[in-house]
Asker: 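Structure provided below as structure tokens; questions to follow.
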Amino acid sequence: MSVEPRSFEQPIYVTRPMLPEFAVFTKHLEAIWQSAILSNGGPQHVELERRLHGPLGDGHIALFNNGTNALMTAVKALDLSGEVITTPFTFAATPHALAWHGIKPVFVDIDDSTMTLDPARIEAAITERTTGIFAVHVYGNPCNVEAIGRIAQARGLKVLYDGAHAFGTKVEGQPIAAFGDATMFSFHATKLFHTAEGGAVVMNDLDLKRRMELLKNFGIADEVTVRSVGINSKMNEIQAALGLCVVDLVTAEKAKRHEIANVYRSRLGAVPSITMPRQQNPDTDSLQYFCIRIDRDVTGISRDDVYNQLKRYNIFARRYFYPLCSDYEPYRNFPDSAASNLPVAHRVGDQVLCLPFYGALGTAYAERISDIVAYVVEHGSDEVVHAA
Ligand SMILES: *Cc1c(COP(=O)(O)O)cnc(C)c1O
């Protein structure tokens, strides 16, 4: 391609939240006004919890005001302490949910193809202080749940999954939350399914569910009994109402994302130096992100160069996850944070680029974005003459 593609008139971001018809939401708001119940497990909350069994499975569901508080509450309910093995290739909330409780996150390298925690490296990081494994289903790619489960069982460790990206993901026909002791889902506006802010933990153990419900409401058991050092991390009725409107839109949204993924796959697949993500199936994958990889040694242009040049075309791609959590100030002095301990994560973190990916983008824009990405990559690090 030699003709430089046109840039976008308006900025194109990596995502845009699904929004229901305003009138659909206000109907729910009317019901809330009628009930005069705004929080503490009201009718909207009860109904959303019920509806989410469809995408999240038969486990017990606890709803939260955001995904980070859901994680923090799960870490406490699982009684994790000392050291917990986790991945550096994730969002800040993952290690923070441990460190906030005074637990040391021990960073272990990732697998190059799934970009999730590499089970082959877990054993070597286990010490007598290790109490759990906290892995992340990055972009909705399932971790190697079988191998992680085997190690945890053999070593008596708890398993917590950060499934912030994995709404509706299935592994061999089973919902992703069937694996591990607990799985967190984020319902932040940037996630596929959202409640503006919100989250959930899904678990199989009823006692754990009871502890979670207690902890998310100050540890209050009844009017005169406070049983544990709880917090307030409850989802309110307005969040739940928005969720009830948005959950109806998920299937159509995924169908549109699938079409966009097909455009990216066919157009960018023709650029041999770009590594494509694995093909996702809307029935079993979340389609949370579409993340390509750019290897400077192959393309002659670095990911950062592509990222910066795309901005000149009004395309704001995101480098999820760069920098690695192990390079954040609170963690970078840990011995396990050394780059030599995390070579795959560093390589992957330097290559990933998430492209705009949301239903309302439409296939015509996806075609234009593909052409711009292909043009930028193929013209290498040469200064691209930008048509004003
Ligand atoms: C979004 C996200 C979270 C945090 O969820 P919030 O609901 O924003 O608090 C945690 N982990 C990962 C991997 C995320 O992408």
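Just so you know, ligand 1 is whichever comes first in the structure, and atom 1 is the first atom listed for that ligand. Values in this document were obtained by computation on a predicted structure and should not be read as measured data.
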Asker: Check the hydrophobic clustering (I, L, V, M, F, W, Y; side-chain heavy atoms under 4.5 Å; chains of links allowed) and say if Phe107 and Ile126 are grouped together.
Answerer: no

Asker: Strictly under 6.0 Å, is that where the ring centroids of Phe8 and Tyr313 end up?
Answerer: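 Phe8 vs Tyr313: aromatic centres not under 6.0 Å.
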
Asker: Please identify which atoms of ligand 1 are closer than 4.0 Å to at least one heavy atom of His188.
Answerer: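 It comes down to these atoms of ligand 1: 7 (O), 8 (O).
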
Asker: Is the Phe193 to Phe167 ring centre distance short of 6.0 Å?
Answerer: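 Yes; Phe167 has its ring centre under 6.0 Å from that of Phe193.
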
Asker: Return the option from Ser186, Gly199, Ala200 holding the heavy atom at the smallest distance from atom 6 (P) of ligand 1.
Answerer: Ser186

Asker: I'd like to know whether ligand 1 has Gly198 as a neighbour, heavy-atom separation below 4.0 Å.
Answerer: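 Flag set, Gly198 near ligand 1.
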
Asker: Does the N or O separation between Ala164 and ligand 1 drop below 3.5 Å for any pair?
Answerer: no

Asker: Side-chain heavy atoms nearer than 4.5 Å, only ILVMFWY residues, links allowed to pass through others: does that put Leu29 and Leu48 together?
Answerer: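 Yes, one cluster joins them.
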
Asker: Heavy-atom contacts with His165 under 4.0 Å: which atoms of ligand 1 show up? List them by number with element.
Answerer: 13 (C), 14 (C), 15 (O)

Asker: Counting only heavy atoms closer than 4.0 Å, does ligand 1 sit against the backbone of Glu197, its side chain, both, or neither?
Answerer: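 No part of Glu197 comes within reach of ligand 1.
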
Asker: Is Lys191 close to ligand 1, meaning an N/O of one under 3.5 Å from an N/O of the other?
Answerer: yes

Asker: Kindly confirm or rule out an N or O of Thr68 lying under 3.5 angstrom from an N or O of ligand 1.
Answerer: yes

Asker: With a 4.5 Å cut-off on side-chain heavy atoms, are Met212 and Phe64 touching?
Answerer: yes

Asker: Determine whether Phe218 and Val226 make a side-chain contact, defined as any pair of heavy atoms from C-beta on separated by less than 4.5 Å.
Answerer: no

